[in-house]
Amino acid sequence: MSRFRIAFFGEGRISAEALQLISDVPFMSEFEVGLLVTSETVRRSAIERGVVSDSVPFISNSRRYVEETLSVIEKTDIDIVLSVQHIWILAPEILDAVGGNAFNLHNAQLPE
């Protein structure tokens with residue numbers, strides 16, 4: 001059975017901790033992070049903790065980068081988007097690229 005590939009979108013300490021937690025869950029052997037869309041700080045933390053390797057594609061969340069993100073999703077056969085405290089609303093094209101297989105946790109007020 002092939003592994004499901006996750007695009008992880010997130011920002012800040014909560015997303016870094018969530019990324020660590022999901023890597024520790026036993027069923028995660030069925031999943032692998034195939035794309036990180038986050039800050040350099042969260043990326044470095046994930047690499048240092050052994051959650052992802054430094055070869056996992058990385059896109060800064062300093063702006064939306066929709067086209068770049070879509071390109072990597074398609075090239076790396078991403079199956080699922082997992083968004084934890086991500087600072088941008090995900091574009092419909094990104095959700096469509098994974099067939100709507102997207103999960104979001106954002107425990108703060110969303111922008112108007």
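Scope of the values below: all heavy atoms of this structure, side chains included, with no hydrogens, waters or symmetry mates.
- Rounding to the nearest 0.5 Å places CZ of Arg3 at 4.5 Å from CD of Glu32.
- In terms of heavy-atom proximity, Gly10 sits nearest to His86 at N-ND1, 3.6 Å.
- Under the side-chain hydrogen bond (donor to acceptor under 3.5 Å, both in side chains) criterion, Arg49 pairs with Glu17, not counting sequence neighbours.
- Looking only at distances, a side-chain donor or acceptor of Arg5 sits under 3.5 Å from a matching main-chain atom of Thr76.
- Phe8 and Phe4 fall within the same hydrophobic cluster, defined by Ile, Leu, Val, Met, Phe, Trp and Tyr side-chain heavy atoms under 4.5 Å apart, directly or through other members.
- We find the CZ-CD1 distance between Phe31 and Ile6 to be 5.5 Å, quoted to the nearest 0.5 Å.
- Nearest approach of Gly34 to Pro57, heavy atoms of both residues: O-CD, 3.2 Å.
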Passes side-chain contact (heavy atoms from CB on, under 4.5 Å), Arg64 versus Trp88? Steps please.
CA-CA 7 Å; Arg64 291 185 76 188; Trp88 301 103; 3.4 Å; yes
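- Take Gln20 and apply the side-chain hydrogen bond (donor to acceptor under 3.5 Å, both in side chains) test, not counting sequence neighbours, and it matches Asp24.
- For Ser83, the side-chain hydrogen bond (donor to acceptor under 3.5 Å, both in side chains) criterion is met by Asn104, not counting sequence neighbours.
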Show your reasoning for whether side-chain contact (heavy atoms from CB on, under 4.5 Å) applies to Asp79 and Asn101.
CA-CA 7 Å; Asp79 301 298; Asn101 295 317; 5.8 Å; no
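- By the side-chain hydrogen bond (donor to acceptor under 3.5 Å, both in side chains) test, Asn107 pairs with Gln85, sequence neighbours left out.
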Would you sort out whether Ile47 and Ser53 count as a side-chain contact (heavy atoms from CB on, under 4.5 Å), showing the intermediate values?
CA-CA 6 Å; Ile47 291 168; Ser53 74; over 6 Å; no
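- Rounded to the nearest 0.5 Å, atoms CG (Leu19) and CD1 (Ile14) are 13.5 Å apart.
- Relative to the six-membered ring of Phe58, Arg43 meets both conditions, a distance below 6.0 Å and an angle of at most 45° to the axis.
- Remark: Arg44 engages Glu40 in a salt bridge (charged side-chain N to carboxylate O under 4.0 Å, His left out) (not counting sequence neighbours).
- Through direct or relayed side-chain contacts under 4.5 Å between Ile, Leu, Val, Met, Phe, Trp and Tyr, Tyr65 connects to Phe9, Leu35, Val37, Ile59, Val66, Leu70, Val72, Ile73, Ile78, Val81, Leu90, Ile94, Leu95, Val98.
- If you chain together hydrophobic residues whose side chains sit under 4.5 Å apart, Phe103 and Val51 fall into the same group.
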